[in-house]
Amino acid sequence: MKNIFKTFKTKKLGLSLVEVLVALAILAFISIAVGAFAGNVFSLNTTIQNGLSVQQDARQVVKQIAAELREASISSTGAYPIEVASTSEIIFYDDIDNDGLKEKVRYYLSGLILKKDVVKPSGNPLSYSGGTTTSNIINDVRNSTTSIFLYYDKNYDGTTAPLSFPVDLLQIRLVKVSLSVDRDPYRSPVPVFITTQVTLRNLKDNL
């Protein structure tokens, strides 16, 4: 009788193979679910951080362009403040390094990169025939359907249509700068779009 009781007790305390397999299956399912959740959280966090980074970069670039354009003025050789004005390129003169000489500044789109060229006047008499310093301002610009630069005359009231191309440089009083940036067009988030408008302080009607 005692042996029978021991056998019965041992069987009650043990786990069958089926029970072990079920437990392992449940554990595996929970592990997969937790791993997938953690992966989604990490992916979402990365996406948000990338979006914020792109937005910050684009804002900084637009702010820089606007600040320089605002102070555009007659060049050190007497040339008009704006030399070229198109949808994806603008050339103007501004003392961007505050050394008393007006640099020739060019912003332009090359492929998906917005670039900046700077030429400092040199020589006697001064000229802009010296070396050009080129820098990449921001990558992954997607302005395929949107103009980076639009130009308006003195009658701009917020609803006025931009000047038609080719633009009459003497009519420009305000420039609208817009950037659409997307580091990966095949993944979220949607492209970052930043725009601002800047009045050219030194372009007066009596110039």
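Here the OG atom belonging to S73 is positioned 10.0 Å from the CZ atom belonging to F92, to the nearest 0.5 angstrom. D140 CG to L114 CG: the interatomic distance, rounded to the nearest 0.5 Å, is 12.0 Å. Of the inter-residue distances, the one linking L126 atom CG with T77 atom OG1 reads 8.0 Å to the nearest 0.5 angstrom. Rounded to the nearest 0.5 angstrom, T199 OG1 and R173 CZ are separated by 11.0 Å. Distance check: I137 CD1 to Q60 CD gives 10.5 Å after rounding to the nearest 0.5 Å. Expressed to the nearest 0.5 Å, how far CG of L69 lies from CD of Q64 amounts to 10.5 Å.
Under a 4.0 Å N-O distance rule, the pair D117/K115 does not qualify as a salt bridge. Looking at D57 and R183, a side-chain N of the basic residue comes within less than 4.0 Å of a carboxylate O on the acidic one, giving a salt bridge.
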Next item on the list: For side chain to side chain contact (heavy atoms under 4.5 Å, CB included), just list the numbers for Q55 and I194, CA-CA rounded to whole Å, side-chain angles, deciding distance to a tenth of an Å, and then say yes or no.
Entry: CA-CA 8 Å; Q55 188 175 75; I194 304 295; 4.2 Å; yes

Next item on the list: For E103 and D94, run side chain to side chain contact (heavy atoms under 4.5 Å, CB included): C-alpha distance rounded to whole Å, both residues' side-chain angles, the deciding distance at 0.1 Å, then the answer.
Entry: CA-CA 5 Å; E103 284 76 32; D94 180 23; over 6 Å; no

Checklist line | Stepwise side chain to side chain donor-acceptor pair (under 3.5 Å) test for D157 and T160 | finding: CA-CA 6 Å; D157 61 4; T160 311; 2.8 Å; yes

Margin query: Applying side chain to side chain donor-acceptor pair (under 3.5 Å) to T87 and S147, what does each step give before you reach the verdict?
Written below: CA-CA 5 Å; T87 58; S147 299; 4.7 Å; no

Checklist line | Steps toward side chain to side chain contact (heavy atoms under 4.5 Å, CB included) verdict (L112, R142) | finding: CA-CA 7 Å; L112 298 179; R142 312 282 176 173; 3.6 Å; yes

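The shortest distance between side-chain heavy atoms of K116 and V105 falls below 4.5 Å.
Applying the ring pair (Phe, Tyr, Trp, His ring centres under 6.0 Å) test to Y108 and every residue at least two apart in sequence or in another chain returns nothing. Applying the side-chain contact (heavy atoms from CB on, under 4.5 Å) criterion to L109, with sequence neighbours excluded, gives S88, V141, I148.
Residue pairs meeting the ring-ring contact (aromatic ring centres under 6.0 Å, His included) criterion with at least one partner in residues 139-160, sequence neighbours excluded, are Y152-Y156. The salt bridge (charged side-chain N to carboxylate O under 4.0 Å, His left out) analysis of residues 73-93, with sequence neighbours excluded, yields the pairs E83-K104, E89-R106.
Both I90 and Y80 belong to a common hydrophobic cluster when Ile, Leu, Val, Met, Phe, Trp and Tyr are linked at side-chain heavy-atom distances under 4.5 angstrom. The cluster map of Ile, Leu, Val, Met, Phe, Trp and Tyr, joined by side-chain heavy atoms under 4.5 Å apart, puts I82 and I96 in the same cluster.
When atom types are taken as modelled, the side chain of R70 and the backbone of L200 share no donor-acceptor pair closer than 3.5 angstrom. Between the side chain of D153 and the main chain of N155, a donor-acceptor pair closer than 3.5 Å is present.
Counting all heavy atoms, side chain and backbone alike, S178 lies closest to N143 at O-ND2, 3.1 Å. Shown here for P191 and S180, the closest heavy-atom pair between the two residues is CB-OG, 3.8 Å. Shown here for A66 and V198, the closest heavy-atom pair between the two residues is O-CG2, 3.4 Å.
Through direct or relayed side-chain contacts under 4.5 Å between Ile, Leu, Val, Met, Phe, Trp and Tyr, V119 connects to Y93, Y128.
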For residues 163-172, which side-chain donor-acceptor pairs fall under 3.5 Å, sequence neighbours excluded?
from : atom 1 : to   : atom 2 : distance (Å)
D168 : OD1    : L170 : N      : 3.1

